[in-house]
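Below: the structure, in structure tokens.
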There are 2 protein chains.
Amino acid sequence: MATPRRVTLNDVAAASGVSRSTAGFVLADNPNQTISAATRDRVRAAARELGYVPSGVARALREGSSRVVVLEVDWAYDGNYARSYIRGLDAELAAHGHVLMVRHGSHDDRATEQIVQAIEPRAVVRFGESYMTGHDLEDMGGGWRGGLAAHVALQIGHLAAHGHTHIALALPTAHSALTEARHRLTARHAQTLGLPAPVVVDLPSPRASGTAALRRLRGKHPQVTAIAAFTDEIALRALGAARDLGLSVPGDLAVIGFDDTEGGELSVPALTSVHIDAEVHGRRAARSLLNLDPGTLDPDPGHVVARESV
Amino acid sequence: MATPRRVTLNDVAAASGVSRSTAGFVLADNPNQTISAATRDRVRAAARELGYVPSGVARALREGSSRVVVLEVDWAYDGNYARSYIRGLDAELAAHGHVLMVRHGSHDDRATEQIVQAIEPRAVVRFGESYMTGHDLEDMGGGWRGGLAAHVALQIGHLAAHGHTHIALALPTAHSALTEARHRLTARHAQTLGLPAPVVVDLPSPRASGTAALRRLRGKHPQVTAIAAFTDEIALRALGAARDLGLSVPGDLAVIGFDDTEGGELSVPALTSVHIDAEVHGRRAARSLLNLDPGTLDPDPGHVVARESV
DNA sequence: CTGAAAGCGCTTACAG
DNA sequence: CTGAAAGCGCTTACAG
């Protein structure tokens with residue numbers, strides 16, 4: 001079973017009776033070359049007929065980088081944000097002849113280095129990066145219009161609208177630029193609303209540890225009546241801990257999630273959360289990476305899904 | 001800011017005063033060439049000093065495929081199986097100079113084709129494939145020893161041990177080779193235990209649909225006292241549906257998950273599930289892909305985490 | 001309007 | 001023990 005030899009540009013050239021150069025110019029739609037319509041048609045037909053697909057590897061060697069974009073993500077993510085972001089990024093890259101690959105796990109520089117050496121991607125993106133900054137994204141990334149700041153405002157605003165003033169922000173154990181940004185934005189919005197600065201709490205897994213952490217929080221900060229969680233996952237831990245402590249939710253303690261997962265829809269009580277559609281974030285990130293005009297797509301503003309936990 | 005030109009084999013050869021060929025032979029540890037120890041040392045030192053890293057792209061062009069392995073995964077997965085599988089696969093590939101990349105989303109052939117064209121990976125693996133088959137994996141993949149069959153036996157056996165005889169298997173809406181395998185293996189093990197063939201049920205999202213589906217199941221198959229779910233995620237839907245119907249768990253209906261997620265630990269009632277560590281599966285899949293000796297690693301047999309739902 | 005040629009960086013059969 | 005050379009498949013400046 002010899003692997004069928006791949007169809008190359010040479011084959012296309014031979015089949016259409018032109019030189020490889022000419023075939024290449026036609027297929028690349030090279031604007032600095034004028035090729036007769038007849039030749040163009042012949043070359044295109046031959047390419048189609050032979051099922052010619054350019055070798056990405058050869059192209060990458062020639063051009064200095066491949067048409068691959070690598071997205072680095074940490075482990076925990078299953079919310080709507082990640083899914084829709086990746087969907088958007090993927091679709092937009094595909095529309096411009098690029099391919100998205102994701103790299104999982106904790107990312108030290110050595111691993112990234114290895115990938116760069118292995119496939120020389122056009123770009124390496126860290127998940128969540130454009131969500132925080134968005135400098136060049138006209139207020140879309142970290143901004144107040146459909147960005148992280150806006151989503152934080154939705155979360156804290158919902159709690160405030162239900163009369164909560166002393167809020168704890170539950171962040172994951174491992175800090176990152178994104179947790180910092182969340183903290184900063186949350187504090188800023190609380191201030192805007194005239195609320196005291198939120199205290200930060202770590203509600204770790206497994207369940208018993210989370211419960212212990214919530215008990216400590218209640219002891220140290222008895223005024224806290226609501227928890228704003230970094231993710232639904234962490235909000236679910238808050239729910240479990242509250243239950244272990246015999247606290248009623250939302251009576252004794254309100255809990256609001258972030259990024260609306262299915263787990264939140266099914267929890268007891270059902271979790272109130274911020275729903276975020278990041279497809280446009282993904283699309284714009286793709287365009288920005290490819291140095292294309294960002295376009296006029298507006299990010300979805302997000303909304304609170306009010307269920308039972310606030 | 002001119003990008004610092006990459007260090008090539010030519011640079012190493014020049015720096016150590018040998019030809020490119022000789023440098024190449026040394027760095028590849030080519031066994032058909034005898035190179036004097038002095039030369040070898042000079043070349044190695046120069047490579048180290050210059051920070052030489054071979055270009056994966058050039059190598060791929062020359063060798064016909066890159067040292068990249070692509071893992072295709074569908075969307076929903078966040079259990080221990082996937083994490084540990086990917087961890088093992090990644091580590092083992094890395095140990096042999098390869099890099100793992102994952103491709104997300106539903107995988108039509110066109111997308112796969114594009115990736116193959118773009119980076120010519122050494123292999124493309126579908127997530128879960130080796131879990132089902134495992135022909136060449138000495139009973140490890142689909143087999144009864146630390147494989148899918150064994151894990152299914154754990155799940156159904158736990159239900160049987162609690163006196164359940166009429167079991168429903170909750171499969172995802174979208175069928176695949178893996179759902180087929182689960183069904184087949186579940187039916188087989190039920191038969192082994194002398195139980196009637198399990199009925200299959202689809203408990204879809206959103207919550208209301210899942211509830212309706214469970215109601216129909218109860219109407220049609222009133223004898224069913226337990227649900228064995230394809231994943232924890234689906235088990236959680238069963239829990240939500242049972243709650244909506246006023247059913248007590250496990251009193252009126254027992255539910256057992258699969259692949260032990262954090263969501264199951266936090267649910268109400270807490271979910272009993274099958275815990276699976278697939279690191280060895282991942283490692284052996286890597287070795288098999290690379291045509292290496294599978295080694296002597298034994299897969300973790302898995303175990304039931306008994307909580308409150310059975 | 002079209003073609004011959006160079007070169008991206010590597011591996012390795014072949015000739016000394 | 002070491003080197004000159006071919007070739008993987010592409011793109012594109014240059015010469016006709």
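Throughout, a chain's letter reflects where its sequence line sits, starting with A, and its residues are numbered from 1.
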Inset, instruction - Using salt bridge (charged side-chain N to carboxylate O under 4.0 Å, His left out) as the criterion, list what pairs up with A:Arg283, not counting sequence neighbours. - result: A:Glu92, A:Glu279

Inset, instruction - Name all residues meeting the side-chain contact (heavy atoms from CB on, under 4.5 Å) criterion together with B:Val53; count only those two or more places apart in sequence or in a different chain, and write none if there are none. - result: A:Gln117

Legend entry - Rounded distance in Å between the P positions of D:dG7 and D:dG3: 22 Å

Legend entry - Side-chain donor/acceptor of A:Ser84 to backbone N/O of A:Ala278, under 3.5 Å: yes

Inset, instruction - Using atom types as modelled and distance alone, determine if a side-chain donor or acceptor of B:Ser66 lies under 3.5 Å from a backbone N or O of B:Ile119. - result: yes

Inset, instruction - Any chance you could encode DNA chain C as dot-bracket? Rule is Watson-Crick or G-U wobble with both distances under 3.5 Å; [ ] for pairs crossing earlier ones, | for another strand. - result: |||.||||||||.|||

Legend entry - Residue-level proximity of residues 37-49 of chain A to DNA chain D when a heavy atom falls under 4.0 Å: none

Legend entry - Note: A:Asp29-A:Arg40 ion pair, threshold 4.0 Å (strictly below): no

Legend entry - Sidechain N-carboxylate O distance under 4.0 Å for A:Arg6, B:Glu120: yes

Inset, instruction - Verify, without hydrogens or angle tests, whether B:Ser16 (side chain) and B:Val18 (backbone) share a donor-acceptor contact under 3.5 angstrom. - result: no

Inset, instruction - For nucleotides 9-15 of chain C, just jot down a letter per nucleotide in 5' to 3' order: B, S or -, based on protein non-hydrogen atoms under 4.0 Å. - result: BBBBBB-

Inset, instruction - Could you grab the distance from atom NE2 of B:His96 to atom CG of B:Leu292, nearest 0.5 Å is fine? - result: 5.0 Å

Legend entry - Whole-Å C1' distance, D:dT12 and D:dG16: 16 Å

Legend entry - Heavy-atom donor-acceptor pair, B:Asp259 side chain to B:Tyr81 backbone, under 3.5 Å: yes

Inset, instruction - Sequence neighbours left out, what passes salt bridge (charged side-chain N to carboxylate O under 4.0 Å, His left out) with B:Arg67? Give chain and number order. - result: B:Glu63

